[in-house]
Amino acid sequence: MKRFLATTAATLFAVTAGLTAAGSAAAAECPSGHFCVWQDSNFGGQRANWSGDDGWWESWISDTDSSWANHGISGPGIKDHVRVYESAWQGGSMTICLAPGQEVGYNGAANDRGDSHIWSTGC
Amino acid sequence: MPLATTPLARRALPAAAALALLTGCTSVHPDAPGPPAVPAGRAAQDALLRAAERRLVDDCLADRGIRATAEPRAPAGDRALQAALFGTGPRELSVTLATGATVTAHSDGCLAAAKDRLYGDQHRWFRAQVVVDNLRAEAQARYRDDPAHRSALARWTACVAPPGRPRPERPDPAESARCARESGLDETRARLERAELTEVRALHRDELTTYRQLRDGALRRAALLPAPTPPPKGDTTS
């Protein structure tokens with residue numbers, strides 16, 4: 001019985017932790033057809049959004065980006081994926097590639113590193 | 001009365017089933033001759049998948065009284081579209097990449113519903129798609145700190161934004177490309193990426209297999225998707 005309770009408690013904890021992590025933030029507010037970048041994690045703080053490419057983000061958002069969301073609209077032949085780079089004009093490494101509807105609330109490795117992005121039909 | 005099955009009715013049932021197979025059901029029967037062909041080329045396949053996904057998304061949005069068009073919307077209307085398209089519930093789709101990024105998505109929007117129908121399992125597809133889509137990002141993260149890459153990138157940076165001069169507001173992309181060639185950055189990255197991509201693809205063999213299997217299934221489903229229903233009367237916009 002003791003073992004059963006312990007297992008149940010562990011399971012409950014795991015489920016709760018999972019739900020908390022998954023549901024910690026509300027839906028990201030990002031216009032449809034746009035790629036959005038926030039200065040804070042979990043889609044908070046100042047937001048920059050683009051419907052097109054930007055080879056060199058403005059200084060207030062470049063290297064201060066902490067969360068990202070792709071709200072592109074898909075369709076045949078439409079460039080709906082977003083590639084994010086750590087240098088202007090895709091000079092550095094690509095840190096992430098997002099399909100429409102995909103978001104990143106925080107990324108320790110890519111935090112405050114973005115400088116440019118392009119839309120493409122794939123990654 | 002329904003229980004009083006006559007011998008005739010008993011014979012009629014299999015006959016009706018056979019007739020159904022010969023008519024409407026033959027088009028979805030996997031062994032039926034001449035199922036709709038899946039195109040061979042990658043570009044044609046992508047186009048088929050995108051068209052099918054868009055169809056399913058549009059149908060789902062229409063059921064919620066929303067039409068996805070390119071025309072600008074008022075903020076409230078756009079929020080309704082975002083919610084219906086991308087979902088609003090907990091981010092049940094979640095994958096943490098080797099690069100450290102946790103990519104998430106809602107599982108309750110029309111986009112998620114379309115992927116679930118097309119790929120058969122939106123959770124498995126999400127995982128495979130995010131990992132496969134970011135193989136290059138993962139490979140680049142692995143060689144990012146390689147000394148050869150670091151020095152090539154430093155030469156590129158000095159070329160596009162020479163020290164002592166203010167950062168150009170909008171550097172010329174052609175200049176950037178010239179610098180990438182002349183600094184050796186292009187060549188260095190191509191060399192390092194080839195090696196790292198091989199490694200990364202081997203590490204993610206399982207996800208690559210799942211990706212191919214689910215994509216093949218989606219292509220078959222997309223080819224079977226019935227023709228779009230005509231727009232409602234009086235609707236002249238796209």
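Using a 4.5 Å cut-off between heavy atoms, L49(B) does not touch chain A at all. Within the 4.5 angstrom heavy-atom criterion, no atom of A180(B) approaches chain A. Of the two parts of T104(B), the backbone and the side chain both hold a non-hydrogen atom closer than 4.5 Å to a non-hydrogen atom of chain A. Interface remark: E29(A) contributes backbone and side-chain atoms alike to the contact with chain B (heavy atom separation under 4.5 Å). Heavy atoms closer than 4.5 Å to chain A are found in the side chain of L97(B), but not in its backbone. Only the side chain of N134(B) comes within less than 4.5 Å of a heavy atom in chain A; its backbone stays farther off. Contact annotation for A28(A): both backbone and side-chain heavy atoms come within less than 4.5 Å of a heavy atom of chain B.
Atom CZ of R127(B) has 12 or fewer heavy atoms from other residues, nucleotides or ligands within 6.0 Å. Shown here is R117(B), whose CZ atom has no more than 12 heavy atoms of other residues, nucleotides or ligands within 6.0 Å. Other residues, nucleotides and ligands contribute over 12 non-hydrogen atoms within 6.0 Å of the CZ atom of R73(B).
In terms of non-hydrogen atom pairs under 4.5 Å with chain A, the most contact-rich of V132(B), T88(B), T102(B), V130(B) is T102(B). When each of E86(A), H81(A), E103(A) is scored by its heavy-atom pairs under 4.5 Å with chain B, the top score falls to E103(A). Among Q129(B), Q140(B), R79(B), R54(B), the residue with the largest count of heavy-atom pairs under 4.5 Å with chain A is Q140(B).
Minimum interatomic distance between G100(B) and N107(A) (heavy atoms only, all atoms of both residues): C-OD1, 3.2 Å. When all heavy atoms are compared, the tightest approach of A27(A) to G87(B) is CB-O, 4.2 Å. For H149(B) against S93(A), the heavy-atom pair with the smallest separation is CE1-OG, 3.9 Å.
Here the side chains of P100(A) and L111(B) are in contact, with some heavy-atom distance below 4.5 Å. Under the 4.5 Å side-chain criterion, counting only non-hydrogen atoms from C-beta, C97(A) is not in contact with R136(B). Contact annotation: the side chain of F86(B) never approaches that of C30(A) to less than 4.5 Å [non-hydrogen atoms, C-beta and beyond]. In this structure, the side chains of I73(A) and L85(B) come closer than 4.5 Å at one or more pairs of heavy atoms.
Rounding to the nearest 0.5 angstrom, the gap separating the CD atom in Q102(A) from the NE2 atom in H106(B) is 12.0 Å. Here E193(B) contributes atom CD and M94(A) contributes atom CE; the two are 7.5 Å apart, rounded to the nearest 0.5 Å. We find the CD1-CD distance between I96(A) and E138(B) to be 10.5 Å, quoted to the nearest 0.5 Å. Between R50(B) atom CZ and T121(A) atom OG1 the span is 6.0 Å, to the nearest 0.5 Å.
In this structure, Y106(A) has no ring pair (Phe, Tyr, Trp, His ring centres under 6.0 Å) partners at least two apart in sequence or on a different chain.
Inspection of non-hydrogen atoms places no residue of residues 215-223 of chain B under 4.5 Å from chain A.
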